[in-house]
Amino acid sequence: MVGPQYDFLLNPLGAVRSTFDQAISSGSDPSSFNGRDWGAIDLFHNFLSDHLSQVPVLTAATIRRVKPNTLVRFRGMIQDMLGNEIYVGAFKDGSVWRTNKFMDVNKLMADSHFPMASSEDMAIWERRLLYCVPVPGLNSWAEISPEAVTNQCMDWPPEQREKRRRADDDPSDMLVSGDEVQGSPNTKKIRGEQPSVASHSMGAVPEVAGSSLNIVPDLDGNSPPCIVKIYDSPESELRLNDIFEFVGILTSDPELDEDNEDGDLSNEFCEDPLHHFPPNKVPRLHCFIHRKLVVQDLLRKNPIIQPTPDLIKGIREALIRHLTAVLGNDGVAAHFMLLHLLSKVHARVDAFAVGNLSLNLTCFSKETVSIFGNQLNLAVKNLLPFTHHIPLTVEYLNNASLSPKKNYDTNRLETGILQLADGSHLIIDETKLEAGTLNSVGVENARLLKYLMECQKVEYDFKYYKMEMETDVQLLILSEGKSNILPAEVILPFQPSAASCSEAVAAEAWEAWRWYLASVKQLTHSIDSEMQKVVENDLVAARQADRSLNPQDLSRWLTMGRLISLSFGETSLSLEHWQMVKELERLRRERLK
């Protein structure tokens, strides 16, 4: 019986080299590749279409155990784009052409120095560099299952397990030597990282500005940061703050750090963009395949086989009951909370984001927020994949780094609290905000939060100018009175009638609710011509009856109509759902009197 031709999991470089040799033997000229694929990517596409679950996931737990130069998966957010890196893509070893694509170590003739001149015997290519971090605010239920993480990592020979055990005991020996990289016996490693050019780089994430020794952040997620090297992919496919799953070769070579100390080969013409990211702290992944992740990809399983209208309605009613219990039997707040959780930016008109429904629940005190605020925070964490909680104080505003900032000393982008993935949810507790004086940082941070809520944009500070980046972050404000900092679309006095929630929720219910929120949020929506006339007439009548209504109020009604329709799994506005909008608005306005 003939086994598989390649060991994609444990020896992916073997498949790369084999397909390269086949391309050369068929008459292809390495200089004509110009870094483009010669057939290796298709092989991995075909393999991964059936075996993706067998590929181990790179996490803080597996980084010390997974073997270098094997196939791994990494999930993370693109925090920075470091530009392009020049590397020796192909070279002649005697009369034989070899390739360094998908590798960090470059092997040349043992009796040669770095032969930058001979273009006939060497091809110089480029690859893109991305700095990726664990998704900010990622909740435990949205992480990849522990079974998938450890699926392949523990199936090693005894001597390899013992070697990794010793590495675990010695933090300085975090990754195994790059000597395990297969290559010609007549070659030697001269350097891992090649000179590079940063083409319009936005920088990385130094935690301590101006320090070249300790700028890799100590992240509290379950994944390490990772340098992802991209090949054969258009730039438009990868955007800052997008969440991706990358599949590729993990390379790690502690000797690369020693090379950097011995001499800076990036020379005086260009800086090595990876200088501040030692391989023993930030692993490298040479990417074969990447895919952008959406919330449905984070669900561990799809609990719904066939989403019928009755089934959707039943899930909606169960979720409303749970939110009502969490909110002390305040059913009105529960209905508005559901619409808030379903909202997202679905269009932009001039400077305004259309579709988000920020919510300000008022009448909270320090005492009630410790009960209902904590319950609500826990419920949101269990329902949405990316959540954050900010106890807002004068001290926080005066000291927090909300906006990402470019550090020109390190040529990196220092992350800010508001550098978030689309679909993130932010709870801001204003009940701890007391009288005090805002300094210049505090005033700027208050402005940034307001700008995020109103326009769904975050300003990135490049010192000499500011760049606006569009985002999609839903904000929930808990406060005693109407927030003076964050003008939400919906202001609703909170009126609980029960002390606390003691309702236990089954795991299957959480899974159904997560699926429901992720799925109906993505539905399209429209209003037919007949219903359009009804809506227009009602809006005109409401404006005539109450001159205090402004265009933003009427726009909110339309957003609520859309969200109520989606909450029932329907894609067009019905008269029944429009009546629900008007009733919710009536109940809300009664509380404001």
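- In this structure, the side chain of Asn360 engages the main chain of Ser483 through a donor-acceptor pair within 3.5 Å.
- Heavy atoms of other residues, nucleotides or ligands lying less than 6.0 angstrom from NZ of Lys582 number more than 12.
- Atom-to-atom distance recorded for Asp461:CG and Met467:CE is 11.5 Å, nearest 0.5 angstrom.
- In this structure, CG on Asn445 lies 8.0 Å from CD1 on Ile417, to the nearest 0.5 angstrom.
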*Decide yes or no on side chain to side chain contact (heavy atoms under 4.5 Å, CB included) for Gln552 and Arg556, but give the supporting numbers first.*
CA-CA 6 Å; Gln552 286 74 25; Arg556 182 183 67 250; over 6 Å; no

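- Between Lys593 and Glu590, none of the side-chain N atoms (NZ, or NE/NH1/NH2) sits under 4.0 Å from a carboxylate O, so this pair counts as no salt bridge.
- Using a 4.0 Å cut-off between a side-chain N of Lys or Arg and a carboxylate O of Asp or Glu, Asp472 and Lys344 do not qualify as a salt bridge.
- Note: Thr387 OG1 to Leu420 CG = 10.5 Å, rounded to the nearest 0.5 Å.
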*Output, in order, the C-alpha distance, side-chain angles, deciding distance and verdict of salt bridge (Lys or Arg N to Asp or Glu O under 4.0 Å) for Arg514 and Glu511.*
CA-CA 5 Å; Arg514 292 163 190 159; Glu511 290 173 353; 5.5 Å; no

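- With contacts defined as side-chain heavy-atom distances shorter than 4.5 Å, the pair Leu58/Ile63 qualifies.
- Under the 4.5 Å side-chain criterion, counting only non-hydrogen atoms from C-beta, Leu240 is in contact with Tyr460.
- Residue Asn484 places its CG atom among 12 or fewer non-hydrogen atoms of other residues, nucleotides or ligands, all under 6.0 Å distant.
- Electrostatic pairing of Arg588 and Glu585 counts as a salt bridge here, judged by a charged N lying under 4.0 Å from a carboxylate O.
- A salt bridge links Glu245 with Arg291: at least one charged nitrogen is closer than 4.0 Å to a carboxylate oxygen.
- Remark: Leu129 CG to Met81 CE distance equals 11.5 Å, nearest 0.5 Å.
- Using a 4.5 Å heavy-atom cutoff, the side chains of Asp422 and Met77 are not in contact.
- Put simply, the residue from Leu517, Leu357, Leu523 that forms a side-chain contact (heavy atoms from CB on, under 4.5 Å) with Leu342 is Leu517.
- How far OG1 of Thr362 is from CD1 of Ile491: 8.0 Å, rounded to the nearest 0.5 Å.
- Using a 4.0 Å cut-off between charged nitrogen and carboxylate oxygen, Arg589 and Asp553 do not count as a salt-bridge pair.
- A donor-acceptor contact closer than 3.5 angstrom is absent between the side chains of Glu395 and Thr393.
- Lys466 and Glu444 are joined by a salt bridge, as a carboxylate oxygen and a charged side-chain nitrogen come within less than 4.0 angstrom of each other.
- Ring orientation note: the planes of Phe494 and Phe372 are nearly perpendicular, at an angle over 60° on the 30°/60° scale.
- Ring geometry, Phe462 versus Tyr465: the interplanar angle falls under 30°, so the pair is classed parallel (tilted spans 30 to 60°).
- How far CG of Leu293 is from CZ of Phe246: 9.0 Å, rounded to the nearest 0.5 Å.
- Counting only heavy atoms from C-beta outward, the side chains of Asn398 and Leu438 approach each other to under 4.5 Å.
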*Could you give me the CA-CA distance, side-chain angles and deciding distance for Leu397 and Leu449, then say whether side chain to side chain contact (heavy atoms under 4.5 Å, CB included) is met?*
CA-CA 10 Å; Leu397 287 171; Leu449 287 171; 4.1 Å; yes

*Evaluation steps, salt bridge (Lys or Arg N to Asp or Glu O under 4.0 Å), between Glu434 and Lys366*: CA-CA 11 Å; Glu434 298 178 346; Lys366 292 179 181 179; 2.7 Å; yes

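- Between the side chain of Arg591 and the backbone N or O of Pro493 there is at least one donor-acceptor pair closer than 3.5 Å.
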_Please evaluate residues Asn241 and Gln419 with respect to the criterion side-chain hydrogen bond (donor to acceptor under 3.5 Å, both in side chains), reporting the C-alpha separation (whole Å), side-chain torsions for both, the decisive distance (0.1 Å), and the verdict._
CA-CA 7 Å; Asn241 304 331; Gln419 187 176 8; 3.0 Å; yes

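- When each of His388, His340, His389 is tested with His425 by the rule side chain to side chain donor-acceptor pair (under 3.5 Å), just one qualifies, namely His340.
- Geometrically, Arg316 engages Phe568 in a cation-pi contact, judged by NZ or CZ lying under 6.0 Å from the ring centre and within 45° of the ring axis.
- Geometrically, Lys281 does not engage Phe277 in a cation-pi contact defined by less than 6.0 Å to the ring centre and at most 45° from the axis.
- The two residues Ser519 and Gln296 have their closest heavy-atom pair at CA-NE2, 3.8 Å.
- Remark: Phe352 CZ is loosely packed, at most 12 non-hydrogen atoms of other residues, nucleotides or ligands lying under 6.0 Å away.
- The closest side-chain donor-acceptor pair between Glu459 and Ser403, if any, does not fall under 3.5 angstrom.
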